[in-house]
Amino acid sequence: MWPSVLGLVVTLALAAGIEQRWARFGVALLTGPAIAVIYFAIAWVGKVQFGIGDVSLPLPFGLFLGWPGLPAARVGAFA
């Protein structure tokens, strides 16, 4: 999972440099960890049986979904 996160960050940084959309890159960098923390809180507090894979996998998904914007990340996190 960590190599995919690194590859995704590098790819998004390249896309941000080409399109000059550094704000989108910043949103993506904040969205990924934010969604992972929310899933961790659900696993910690909730009665749902989440494994460590269920908690760590939202990090790359959040990075990917953060690029189009927060509405896409919100829908993706709840889906």
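No hydrogens, no waters, no symmetry mates; every other heavy atom, side chains included, goes into these values. Numbering starts at 1 and runs along the sequence shown. The structure presented is a predicted model; accordingly, all values stated were derived computationally and were not measured.
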Under a single-linkage definition using a 4.5 Å side-chain heavy-atom cutoff for Ile, Leu, Val, Met, Phe, Trp and Tyr, are Leu14 and Val10 assigned to the same hydrophobic cluster?
no
Return each pair, listed once, that meets ring pair (Phe, Tyr, Trp, His ring centres under 6.0 Å) where at least one residue sits in residues 28-47; pairs must be two or more places apart or across chains.
Phe40-Trp44
Taking all atoms of both residues into account, what is the closest heavy-atom pair of Arg24 and Trp67, and its distance?
NE-O, 3.2 Å
Let me confirm one number: the CG-CZ distance from Leu59 to Phe64, rounded to the nearest 0.5 Å.
14.0 Å
Same cluster or not: Val27 versus Val5, using hydrophobic residues (I, L, V, M, F, W, Y) connected whenever any side-chain heavy atoms lie under 4.5 Å apart?
no
Closest heavy-atom pair and its distance - Pro33, Leu29
CD-O, 3.0 Å
Please report the closest heavy-atom contact between Ala77 and Ile35, naming both atoms and the distance.
CB-CD1, 4.0 Å
How close do Ala73 and Thr31 get, heavy atom to heavy atom, and via which atoms?
CB-CG2, 3.4 Å
Compare every heavy atom of Pro60 with every heavy atom of Met1, then report the nearest pair and how far apart it is.
SD-CD, 3.6 Å
For a 4.5 angstrom cut-off between non-hydrogen side-chain atoms, does Val9 reach Phe25?
yes
Same cluster (ILVMFWY, side-chain, under 4.5 Å), Val75 and Phe61
no
